[in-house]
Amino acid sequence: MGALLFEEAIKMTGLTPGAIGLRLREELARPTLTAPTMRAWRRGNKAVPLAAFLAVCRIAQVSPADFINKMAEDAGGIEYGDLAELLQELVNYQDLATTGAER
């Protein structure tokens, strides 16, 4: 599921694979992020880190919740309520972790 979300979020950016790789290196402060790692995330061979998914959402300028809702609409109205709730909890957790680290 993570690879599907990640791939769809990348499509929403409108960027080429090379361009999204460059942006993710900057967003994640991970200058050694490689094309093979990106491919593994996109194919589902490796788990997509939450930070990478959230970074792609920022690049695409879409909130994770809006992104999930769009995917549900595109899927013909399939309910993703539980997934949206889980994702929101993860985003809230990330926000709390970031806020706590800044203190």
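When reading the values below, keep in mind they use all heavy atoms of this one structure, side chains included, and skip hydrogens, waters and symmetry mates.
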Undergrad: So do the side chains of R30 and L24 get within less than 4.5 Å of each other, counting heavy atoms only?
TA: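 Contact flag for R30/L24 side chains = no.
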Undergrad: How far apart are the closest heavy atoms of I20 and P17, and which atoms are they?
TA: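 Heavy atoms only, the tightest pair is CG2-O, 3.1 Å.
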Undergrad: Roughly how far apart are R23 CZ and R58 CZ, rounded to 0.5 Å?
TA: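 It is 10.0 Å, given to the nearest 0.5 Å.
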Undergrad: Would you list the pairs meeting side chain to side chain donor-acceptor pair (under 3.5 Å) in which at least one residue belongs to residues 35-47, sequence neighbours left out?
TA: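 Every side chain to side chain donor-acceptor pair (under 3.5 Å) pair that includes a residue of residues 35-47, provided the two are not neighbours, is E7-R42, T34-T37.
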Undergrad: Could you name each residue pair satisfying ring-ring contact (aromatic ring centres under 6.0 Å, His included) that touches residues 15-39, not counting sequence neighbours?
TA: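 Pairs touching residues 15-39 that pass the test: none.
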Undergrad: Using the test side-chain contact (heavy atoms from CB on, under 4.5 Å), find all partners of A60 that sit at least two apart in sequence or belong to another chain.
TA: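 Testing A60 for side-chain contact (heavy atoms from CB on, under 4.5 Å), a comparison that skips the adjacent residues, returns M12, T13, V62.
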Undergrad: Quick one: list whatever passes side-chain contact (heavy atoms from CB on, under 4.5 Å) with A19, sequence neighbours left out.
TA: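 Only L15, T16 meet the side-chain contact (heavy atoms from CB on, under 4.5 Å) criterion with A19.
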Undergrad: Looking at residues at least two apart in the chain, or sitting in another chain, which of them share a side-chain hydrogen bond (donor to acceptor under 3.5 Å, both in side chains) with E26?
TA: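 Per chain and number, E26 pairs via side-chain hydrogen bond (donor to acceptor under 3.5 Å, both in side chains) with no residue.
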Undergrad: Any pair with a residue in residues 7-29 that passes ring-ring contact (aromatic ring centres under 6.0 Å, His included), sequence neighbours left out, goes on the list, sorted by first then second residue, please.
TA: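 Not a single pair qualifies under ring-ring contact (aromatic ring centres under 6.0 Å, His included).
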Undergrad: Going only through I, L, V, M, F, W and Y residues with side-chain contacts under 4.5 Å, is there a path from F6 to L28?
TA: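 Yes; tracing contacts between hydrophobic side chains, which count when under 4.5 Å, links both residues.
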Undergrad: Apply side-chain hydrogen bond (donor to acceptor under 3.5 Å, both in side chains) to K11 and list each qualifying residue two or more places apart in sequence or on a separate chain.
TA: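 For K11, the residues satisfying side-chain hydrogen bond (donor to acceptor under 3.5 Å, both in side chains) (neighbours in sequence not counted) are E8.
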Undergrad: Determine, using the 4.5 Å side-chain heavy-atom cutoff (strictly less than), whether V56 and L22 are members of one ILVMFWY cluster.
TA: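 Different clusters: V56 never reaches L22 through Ile, Leu, Val, Met, Phe, Trp or Tyr contacts under 4.5 Å.
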